[in-house]
Protein chains: 4
Amino acid sequence: MDNTKGKKQLIIEASIKMFCKKGFHKTKVSDIATEAGVGKGTIYEYFDSKKQLFIEMMEYLADQYYNKVLKVMNEEKNITNKFKYYILLEEKIMTKHGDLAQLFMQEAHSIGIDVHQIMGKKRKKLINLIANAIKEGIDKNIFRKINPYTAALTFMGSVHHILYSKIFAKDDFSKEINIEDLHDILLHGIKK
Amino acid sequence: MDNTKGKKQLIIEASIKMFCKKGFHKTKVSDIATEAGVGKGTIYEYFDSKKQLFIEMMEYLADQYYNKVLKVMNEEKNITNKFKYYILLEEKIMTKHGDLAQLFMQEAHSIGIDVHQIMGKKRKKLINLIANAIKEGIDKNIFRKINPYTAALTFMGSVHHILYSKIFAKDDFSKEINIEDLHDILLHGIKK
Amino acid sequence: MDNTKGKKQLIIEASIKMFCKKGFHKTKVSDIATEAGVGKGTIYEYFDSKKQLFIEMMEYLADQYYNKVLKVMNEEKNITNKFKYYILLEEKIMTKHGDLAQLFMQEAHSIGIDVHQIMGKKRKKLINLIANAIKEGIDKNIFRKINPYTAALTFMGSVHHILYSKIFAKDDFSKEINIEDLHDILLHGIKK
Amino acid sequence: MDNTKGKKQLIIEASIKMFCKKGFHKTKVSDIATEAGVGKGTIYEYFDSKKQLFIEMMEYLADQYYNKVLKVMNEEKNITNKFKYYILLEEKIMTKHGDLAQLFMQEAHSIGIDVHQIMGKKRKKLINLIANAIKEGIDKNIFRKINPYTAALTFMGSVHHILYSKIFAKDDFSKEINIEDLHDILLHGIKK
DNA sequence: GATGAATGAGACTTCATTCAT
DNA sequence: TATGAATGAAGTCTCATTCAT
């Protein structure tokens, strides 16, 4: 269990904790080593560089995230509920691991990672997941005939933005936002 | 003309260019100085530190952005068109200055700036602007009775996310997204 | 009065104040300019460099100091009293302007000034002053036949060292030192 | 042998050499590193800053100095000889390591170290050492009943000042000073 | 003469990475 | 395999000095 795989995992988990807390540049490799309870040199046994560790950590997180969404989308059969539960899942993730969401968006450029290249495929899979649910809704005549990708991106973007506001920005009005409203607006639109 | 205000402005504009191109950490103070055509020390005549320069630059950009949105919202009287033009404005901004949008979100945390504290007020004003337009739509019986803040945040989040996808992520399907669809979905919702 | 000579004097006096307070390296040329109420550039009208200003300031102080000792030595005719008053003068100077004494000793080396070359002549004059008083005492058969220069240096060194202890070091025992003891020991020696 | 203690010692010794030669401000950390034969970064493994290195170096030197004086005072039993040998020791130290003495007095203020706080205890011990020898002389009825602390400070001050003149100032008359005169004057006083 | 905005050389310090053990 | 002492490249910031006004 404490074999090679175990130690790599240990380091990744320590890096999640530290990178989330302080960001990429303010986290020292030695911080991660201390957090993981290994020597500084050991990190370089498993990862080529700090940057590479960051990339692998991002991929690991993206996988975890995708799997959670996948589970929700597969388990819930009612179309509109799928979207409701997706929103609830996002809320749960962001409340518990919101700093991860920030990490994803924030660091890539400044590190000089082409985040689109790395995360692209995973993101594509995720969007497809949502878009397929929308397609299904269209096919079942529950949804209007709209571009499912546009709709998926719209839906995801709205959810992220609002939850981000609600959880981080702490505007006075953000507090009053409730998940039902969000669900309602996204499903029914603004217009009468 | 080349007075104090002029030189400070010069440096801010050079910093926009460099920070956008390389991000905060990879941009050297000397890079900005060279770009601005001034000496390295001159930067420190006008700004206490690199971090402070970044903050002032962000505030400058936020003002510019707000003023553009304000203009659109004030000039267009037709409610649904307001939102259409808002989307078009965002598309224009992101196409031309998309790297700015990335800057905003990306660097703050890693620099150790409390971006919410700094940008909070400006963000609040912007959300109010959109929310007021929605309120107006509700009052005129054009929009459904929804929470205007939730709607505003939903709207803005969707627009950003989709445009970001369209312009940066360059997914195969993102390319096919068109502004009309976005406008349609946001106004009419997904459900029939 | 506010002519060239006046302004140079103004700068020297400001430099005394600032160099004493913060030392050579921590005093900025602009500090001195502000203190003198002139522009930074003006300093360079009167002095070639910060270092040169420091040297001229030292010479100015050395003159002042010498003149005070000279006055005491000339005015008091009683030989042993000359030494008593010399000690009292030193005490007064060190209490009021002790930071000057520190300046003299401290900065020269670190600035890269050959303090001995600069201050040498003035120091020589001062030692001669004391040595001559001792010679006079020897001639008048009041003092033992000792080397007057050794005695002068002994005398001056003791006075400085003790007053320094008393005024700056603030040892528990230094407080109890009194000027009469010092005078007594230097005049009568330690041995019975 | 080349263990942690050894390397720290190595750096301290290199710093003595360089600080003495050029003073605090003109000595670069890289100078010390080169002199010690280590990398620049290694200095910071052992010392928090250049200033801290200087302080630790001062403490090290003060200890060495105290131990030498202690040895002389303990080994010589004849009271008046103690003072003779003390003078000879000081002469030896100042001839060999006179630049150290300058360092002590010169740099502290300009660096912003409270030298009195740091060196206070060590200085106190040293003065006690000399004062105790004087007390012993008084008890044995060899010395007059004088304040032993005033006498100790007088004695030490004189010795330093004269040796400083002799060794550094190189006055014409300083050359002619001899140790016996100094010893004689300090023990017998000036007055008949 | 007087000014102070502009300058850029220079030094401290950090920290990712290496490598001998 | 695991380690952490050693390294040195790199970048921010300071401040004496200049020079156009």
Side-chain angles (χ1 to χ4, degrees), chain A residues 2-4 7 11 24-34 36-54, chain B residues 2-4 6-8 11 25-34 36-53, chain C residues 2-4 7-8 11 24-34 36-53, chain D residues 2-4 7-8 11 24-34 36-53:
Chain A
D2 227 27
N3 53 10
T4 293
K7 195 155 280 192
I11 293 169
F24 181 81
H25 285 100
K26 303 226 276 191
T27 298
K28 288 175 258 179
V29 172
S30 65
D31 291 339
I32 296 168
T34 304
V38 301
K40 219 188 321 175
T42 307
I43 302 221
Y44 288 86
E45 294 287 326
Y46 295 93
F47 302 93
D48 284 344
S49 67
K50 187 187 177 186
K51 188 170 159 180
Q52 190 57 34
L53 167 56
F54 187 82
Chain B
D2 227 27
N3 53 10
T4 293
K7 193 149 284 187
K8 190 167 184 176
I11 293 168
H25 285 100
K26 304 228 278 188
T27 298
K28 283 176 274 178
V29 172
S30 64
D31 291 339
I32 296 167
T34 304
V38 301
K40 213 191 324 175
T42 308
I43 307 265
Y44 289 90
E45 291 285 321
Y46 294 92
F47 303 92
D48 285 343
S49 64
K50 185 186 176 186
K51 186 170 159 179
Q52 190 58 35
L53 168 56
Chain C
D2 227 26
N3 53 9
T4 293
K7 195 155 278 191
K8 187 167 186 176
I11 293 168
F24 181 82
H25 284 100
K26 303 227 276 191
T27 299
K28 286 175 258 179
V29 173
S30 65
D31 291 339
I32 296 168
T34 304
V38 300
K40 220 187 323 175
T42 308
I43 303 225
Y44 288 86
E45 294 288 326
Y46 296 94
F47 303 92
D48 286 344
S49 65
K50 185 186 179 188
K51 188 169 158 180
Q52 190 57 35
L53 168 56
Chain D
D2 227 27
N3 51 10
T4 292
K7 192 150 284 190
K8 188 167 185 176
I11 293 168
F24 180 82
H25 285 99
K26 303 227 280 189
T27 299
K28 283 175 274 178
V29 172
S30 65
D31 291 339
I32 296 167
T34 304
V38 300
K40 214 187 327 172
T42 307
I43 307 264
Y44 289 89
E45 291 284 321
Y46 294 94
F47 303 93
D48 284 343
S49 65
K50 186 186 177 187
K51 187 171 161 181
Q52 190 58 34
L53 167 57

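Residue numbering restarts at 1 for every chain, and letters A, B, ... go by the order of the sequence lines.
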Check nucleotides 15-18 of chain F against the protein and report each pair of N or O atoms closer than 3.5 Å, with its distance, or say if there are none.
residue : atom : partner : partner atom : Å
F:dA16  : OP1  : C:Lys50 : NZ           : 3.0
F:dA16  : OP2  : C:Val29 : N            : 2.9
F:dT17  : OP2  : C:Tyr44 : OH           : 2.9
F:dT17  : OP2  : C:Lys50 : N            : 3.0
F:dT17  : O4   : C:Lys40 : NZ           : 3.3

Applying the Watson-Crick and G-U criteria (both distances under 3.5 angstrom) with [ ] for crossing and | for other-strand pairs, one obtains for DNA chain E .||||||||||||||||||||

d(B:Thr42 OG1, B:Lys8 NZ) to nearest 0.5 Å is 14.0 Å

Within 45° cone and under 6.0 Å: A:Lys51 NZ/CZ vs A:Phe24 ring
no

Distance test, side-chain N/O of A:Lys7 to OP1/OP2 of F:dA2, below 4.0 Å:
yes

With sequence neighbours excluded, what pairs up with B:Thr27 under the side-chain contact (heavy atoms from CB on, under 4.5 Å) test?
B:Met18, B:Phe19, B:Lys22, B:Asp31, B:Ile32

Rounded distance (Å) that lies between atom [atom2] of [N] and atom [atom1] of [X]:
| X | N | atom1 | atom2 | value |
| --- | --- | --- | --- | --- |
| D:Ile43 | E:dC15 | CD1 | C1' | 17 Å |
| B:Gln52 | F:dC13 | CD | P | 11 Å |
| B:Lys8 | E:dA5 | NZ | C1' | 15 Å |

With nearest nucleotides of DNA chain E determined for C:Gly37 and B:Thr42 from heavy-atom distances, which residue corresponds to the more 5′ nucleotide?
C:Gly37

Shortest non-hydrogen contact from C:Ala33 to C:Ile43?
N-CD1, 3.8 Å

Taking all atoms of both residues into account, what is the closest heavy-atom pair of D:Lys50 and D:His25, and its distance?
NZ-O, 4.0 Å

